[in-house]
K.L.:
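Got a structure for you, questions after.
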Amino acid sequence: MHTWVSDYYKNLFGTKVYKLTFDAGCTCPTRDGTKGTRGCIFCSQSGSGEFTVPFDDNRSIVPNHFKGADTFIAYFQNFTNTYGNLKELSAKWHKALSYEGIKGLALGTRPDCLGDDVLEKLARISEKHFVQLELGFQTSNEASAEYIRRGFTNDVYFDAVARIHKMAPKVHVVTHVIFGLPGETEADMMNSVKAAIDAGTDGIKIMCLYVLKDTDLAIEYQQGKFEVLQMDEYFELLKKVLAIIPDSVIIHRLTGDPPKKTLIAPKWTTDKKRVMDRIKKLEQ
């Protein structure tokens, strides 16, 4: 039986855990000119941080947004949160951990932005606090990776996971995979998850590709170059992938939260109640 992230956190902390999303003001190497300027083909201008607020403002929303909650993980979500001045980044991580009730960090990042200095810093933090690194892998199909402008090869991902486990063994590694990338087959999607498992990921996040306004992916979708997954198609894929994910790998997500204001497709992803009902039935 798979372990879902809510149970995983509850076992770790002894209570229900909530995430506070922080915007640390980071960028990405595919945006700042290092590896490109347009970002990944599907990524919005907010770097997938539509629901974050500026770091210094975040704590003020807690009393109203999480009534009765007292245990949190600080989630630095959008863009690449290990990319930039390490001293400045570290100061933000430590500031978040200084808030009452925040018991750990979750950092959204890229496998090619994890230098030894970063891992050494996170290893030290993980001696006292829970640390989760979320790696944007998306696909093991190298042609798809080039198409989406990922900016690194699979070997970089495999090396990153191995280095995390060696240098910062207490850090919990989560891998992001996207189902429904243009041109990908069912085998491609299953292989992406298998690759993450083989690499030694501790947890997995699977999301259906969604098309947002003002992205290069939106232009291609509007030109009819690909179709998005329908709900039944997506859940058939999830049934099959759950059969190959070991019970030891924590299921963090099987769906995303697309912003309704900018979502072009697939519209069914905004029906959260229906989507969550389908997810609950997957292992029944």
Side-chain angles (χ1 to χ4, degrees), residues 2-26 43-44 46-83 89-110 122 125-126 128-137 164 168 170-178 201-208 210 249-260 269-270 272-273 275-276 279-280:
H2 293 104
T3 299
W4 298 73
V5 68
S6 56
D7 294 326
Y8 171 70
Y9 286 155
K10 191 171 184 179
N11 289 336
L12 278 178
F13 299 104
T15 187
K16 185 173 177 61
V17 178
Y18 299 85
K19 279 186 176 178
L20 294 176
T21 55
F22 289 77
D23 181 350
C26 295
C43 196
S44 67
S46 65
S48 299
E50 283 78 13
F51 303 106
T52 62
V53 296
F55 175 71
D56 290 335
D57 297 339
N58 195 295
R59 189 62 188 171
S60 65
I61 71 169
V62 172
N64 294 325
H65 195 60
F66 297 103
K67 291 182 179 178
D70 61 4
T71 304
F72 304 93
I73 289 174
Y75 183 21
F76 290 83
Q77 181 182 18
N78 54 327
F79 296 112
T80 305
N81 291 281
T82 61
Y83 184 62
L89 290 172
S90 178
K92 292 177 181 180
W93 302 339
H94 283 286
K95 181 178 180 181
L97 288 167
S98 73
Y99 289 132
E100 183 180 355
I102 291 185
K103 305 298 184 182
L105 295 174
L107 306 177
T109 189
R110 296 166 52 95
L122 293 176
I125 294 174
S126 70
K128 294 182 178 180
H129 305 278
F130 174 76
V131 177
Q132 178 171 303
L133 274 178
E134 302 195 359
L135 306 182
F137 181 48
I164 295 166
K170 291 186 177 181
V171 169
H172 181 72
V173 179
V174 181
T175 299
H176 288 239
V177 173
I178 295 177
T201 193
D202 301 307
I204 194 111
K205 281 188 174 183
I206 301 173
M207 296 172 59
C208 178
Y210 46 79
V249 175
I250 308 302
I251 308 294
H252 280 255
R253 296 200 75 160
L254 296 179
T255 182
D257 286 315
K260 293 183 180 180
T269 56
T270 63
K272 192 163 185 177
K273 183 180 184 304
V275 170
M276 294 309 296
I279 288 175
K280 289 175 184 177

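When reading the values below, keep in mind they use all heavy atoms of this one structure, side chains included, and skip hydrogens, waters and symmetry mates. Sequential numbering from 1 along the given sequence is applied to the chain's residues.
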K.L.:
Please examine the side chains of Met276 and Thr255, heavy atoms only from C-beta on, and report whether any two atoms are closer than 4.5 Å.
P.N.:
yes
K.L.:
Using every non-hydrogen atom in the two residues, find where Leu97 and Ile125 come nearest and quote the distance to one decimal.
P.N.:
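It is CD1-CG2, 3.8 Å.
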K.L.:
Please report the interatomic distance CG(Leu133) to OG1(Thr175), rounded to the nearest 0.5 Å.
P.N.:
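If I round to the nearest 0.5 Å, the distance is 10.0 Å.
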K.L.:
Just to verify, what does Lys16 make a side chain to side chain contact (heavy atoms under 4.5 Å, CB included) with, not counting sequence neighbours?
P.N.:
Tyr18
K.L.:
NZ/Lys10 to OG1/Thr71 distance, rounded to the nearest 0.5 angstrom?
P.N.:
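Interatomic distance, Lys10 NZ to Thr71 OG1, rounded to 0.5 Å: 11.5 Å.
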K.L.:
Return the minimal non-hydrogen interatomic distance between Lys95 and Ser98, and the atom names on each side.
P.N.:
O-OG, 2.5 Å
K.L.:
Rounded to the nearest 0.5 Å, what separation is found between the OG1 atom of Thr269 and the OH atom of Tyr210?
P.N.:
7.5 Å
K.L.:
With a distance cut-off below 6.0 Å to the six-membered ring centre and an angular limit of 45° from the axis, does Lys19 pair with Tyr75 as a cation-pi contact?
P.N.:
yes
K.L.:
Out of curiosity, His94 NE2 to His129 NE2, how far, rounded to the nearest 0.5 Å?
P.N.:
7.5 Å
K.L.:
Step by step, would you call Leu12 with Val17 a side chain to side chain contact (heavy atoms under 4.5 Å, CB included)?
P.N.:
CA-CA 10 Å; Leu12 278 178; Val17 178; over 6 Å; no
K.L.:
Picking from Asn81, Thr82, Thr80, what satisfies side chain to side chain donor-acceptor pair (under 3.5 Å) with Thr109?
P.N.:
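Only one option passes, and that is Thr82.
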K.L.:
Would you name the heavy atoms of Leu122 and Val171 that are closest together and state the gap between them?
P.N.:
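So the minimum-distance heavy-atom pair works out to O-CG2, 4.3 Å.
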K.L.:
With sequence neighbours excluded, what pairs up with Ile251 under the side chain to side chain contact (heavy atoms under 4.5 Å, CB included) test?
P.N.:
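In terms of side chain to side chain contact (heavy atoms under 4.5 Å, CB included), with neighbours along the sequence ignored, Ile251 is linked to His2, Trp4, Ile204, Leu242, Ile245, Leu254.
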K.L.:
Ring-plane angle category for Phe76 and Phe22, please: parallel below 30°, perpendicular beyond 60°, tilted otherwise.
P.N.:
parallel
K.L.:
Using the ring of each side chain (for Trp, its six-membered ring), is Phe130 parallel, tilted or perpendicular to Tyr9, with breaks at 30° and 60°?
P.N.:
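Taking Tyr9 first and then Phe130, their aromatic rings stand perpendicular (interplane angle over 60°).
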K.L.:
Can Phe137 and Thr201 be said to form a side chain to side chain contact (heavy atoms under 4.5 Å, CB included), step by step?
P.N.:
CA-CA 11 Å; Phe137 181 48; Thr201 193; over 6 Å; no
K.L.:
Measure the spacing between CZ of Phe79 and CZ of Arg110 and express it to the nearest 0.5 Å.
P.N.:
12.0 Å
K.L.:
Could you walk me through whether Leu89 and Leu107 pass side chain to side chain contact (heavy atoms under 4.5 Å, CB included), step by step?
P.N.:
CA-CA 11 Å; Leu89 290 172; Leu107 306 177; over 6 Å; no
K.L.:
Could you report the tightest heavy-atom contact between Thr270 and Pro258, atom names first, then the distance?
P.N.:
CG2-CG, 4.4 Å
K.L.:
Tell me the closest heavy-atom pair linking Glu134 and Ala106, and the distance in Å.
P.N.:
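Where Glu134 meets Ala106 most closely, the heavy atoms are OE2-CB, 4.2 Å.
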K.L.:
Within the structure provided, determine whether His172 and Ile250 are in side-chain contact (heavy-atom separation under 4.5 Å).
P.N.:
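His172 reaches Ile250 side chain to side chain.
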K.L.:
Report the distance from atom NE2 of His252 to atom NZ of Lys205, rounding to the nearest 0.5 Å.
P.N.:
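Result: 7.5 Å between the selected atoms.
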K.L.:
Is the shortest heavy-atom distance from the side chain of Lys272 to the side chain of Asp257 under 4.5 Å?
P.N.:
yes
K.L.:
Among residues at least two apart in sequence or on other chains, which ones pass side chain to side chain contact (heavy atoms under 4.5 Å, CB included) with Lys170?
P.N.:
Ser126, Glu127
